[in-house]
Amino acid sequence: MSFLAKRQPPTSAVARDRLQILLAHERSAGEEGESDLLKQLHKEIMEVIARHVAVDQDKVQIKLDRGSGCSMLEIDVEVPQELSNKRAS
Amino acid sequence: MAKVLVVTSGKGGVGKTTSTAALGAALAQSGQNVVVVDFDVGLRNLDLVMGAERRVVFDLINVVQGDARLSQALIRDKRCETLSILPASQTRDKDALTSEGVARVMDELREKFDWVICDSPAGIERGAQLAMYHADAAVIVTNPEVSSVRDSDRIIGLLDIKTQKAERGEKIEKHLLLTRYDPARAARKEMLSVEDVLEILSIPLVGIVPESEDVLKASNVGAPVTLSSPESLPARAYFEAARRLSGEKIDVSVPTEKRGFLDWLFGKKGAA
């Protein structure tokens with residue numbers, strides 16, 4: 001069994017990676033004001049998009065990254081295939 | 001100039017009370033006047049760990065509410081005369097602590113002592129926030145384990161917004177105390193290493209306390225480990241941490257003890 005176990009990353013590395021991902025997420029969501037802002041943005045962006053295309057709640061991703069120099073607001077909207085084709089023609 | 005220190009962690013059971021007692025005794029043994037204050041109202045244990053449980057007459061809440069004078073509630077340690085303890089109440093709940101009352105008691109303690117060390121309750125609620133509010137510096141007790149590291153990260157965030165220093169726009173000093181560390185398991189990569197935890201939490205390290213039988217033995221007999229077995233590995237780690245808190249610049253080492261051949265032969269666990 002030991003030759004199989006060696007292929008696995010050590011458990012401490014798994015722990016470290018899991019923590020780094022989780023804490024990066026929790027730190028950005030930690031400031032309540034910020035998560036409220038994101039919720040509000042999400043809601044209003046959804047309203048604007050809904051006026052033009054029918055789009056799923058889950059297909060709109062909004063992310064705010066606070067860097068020391070600049071912050072980046074990332075909005076990712078997945079538009080249904082047939083609709084975007086229709087508009088293009 | 002007195003310094004108020006909060007010993008906190010978010011997670012319970014990582015060694016806040018043990019560390020408060022050990023650091024308090026270590027600082028007191030260097031001749032400084034130290035008081036350790038139990039903020040864990042309803043679940044007081046600092047008195048028990050320090051062997052003063054039968055000497056409690058008045059407590060923090062009595063003093064906060066003006067039912068007793070501070071001098072009546074303070075218990076002086078029998079082994080070290082520069083060390084005192086201010087116990088928490090076992091019967092009342094944390095709502096009996098008012099912010100104004102705590103502020104008044106902290107001011108009075110600052111006048112009497114060189115160090116005021118506040119043992120925080122677990123959690124991030126009111127009790128923990130009252131314990132940290134007046135602190136100039138914080139010792140964040142962390143085990144090399146995922147839930148403890150996550151909770152420490154949360155507490156570090158709170159220290160930056162929920163303390164008087166933070167409200168005044170000043171920085172609170174933060175020190176990481178890694179406890180229950182097993183260098184052998186970390187070397188086998190079964191446990192988060194010192195470097196891993198430091199990289200994740202990014203606050204300066206004040207000490208590494210190894211997992212050790214001496215810690216339980218000390219609490220069994222009601223003595224801070226720095227008083228009951230000052231030569232033991234955990235005690236040495238606490239003495240070093242106390243010196244760093246006092247401003248000495250000394251490198252943090254992983255305390256290890258050479259395992260003798262006979263220990264190995266008989267399967268006796270090395271203290272490292």
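So that the names make sense, note that chain A is the first sequence line, chain B the second, and so on, each numbered from 1.
Taking each heavy atom of B:V146 and A:L19 in turn, the nearest pair found is O-CD2, 3.5 Å. Closest approach of B:I200 to A:R27, counting heavy atoms only: O-NH2, 2.7 Å.
Counting heavy-atom neighbours within 6.0 Å of B:D251 CG, excluding the residue itself, gives a total of 12 or less. Atom CZ of A:R16 has more than 12 heavy atoms from other residues, nucleotides or ligands within 6.0 Å. Atom CZ of B:R154 is surrounded by 12 or fewer heavy atoms from other residues, nucleotides or ligands within 6.0 Å. The environment of B:E167 atom CD is dense: over 12 non-hydrogen atoms of other residues, nucleotides or ligands sit within 6.0 angstrom. The environment of CZ in A:R18 is sparse: at most 12 heavy-atom neighbours from other residues, nucleotides or ligands sit within 6.0 Å.
In this structure, chain A has a heavy atom under 4.5 Å from the side chain of B:E199, while its backbone stays farther away.
Taking 4.0 Å as the cut-off between side-chain N and carboxylate O, A:E26 and B:R150 count as a salt-bridged pair.
Here CG of A:L23 is found 7.5 Å from CG of B:L201. Values are rounded to the nearest 0.5 Å.
Under the 4.5 Å side-chain criterion, counting only non-hydrogen atoms from C-beta, B:K189 is in contact with A:S12.
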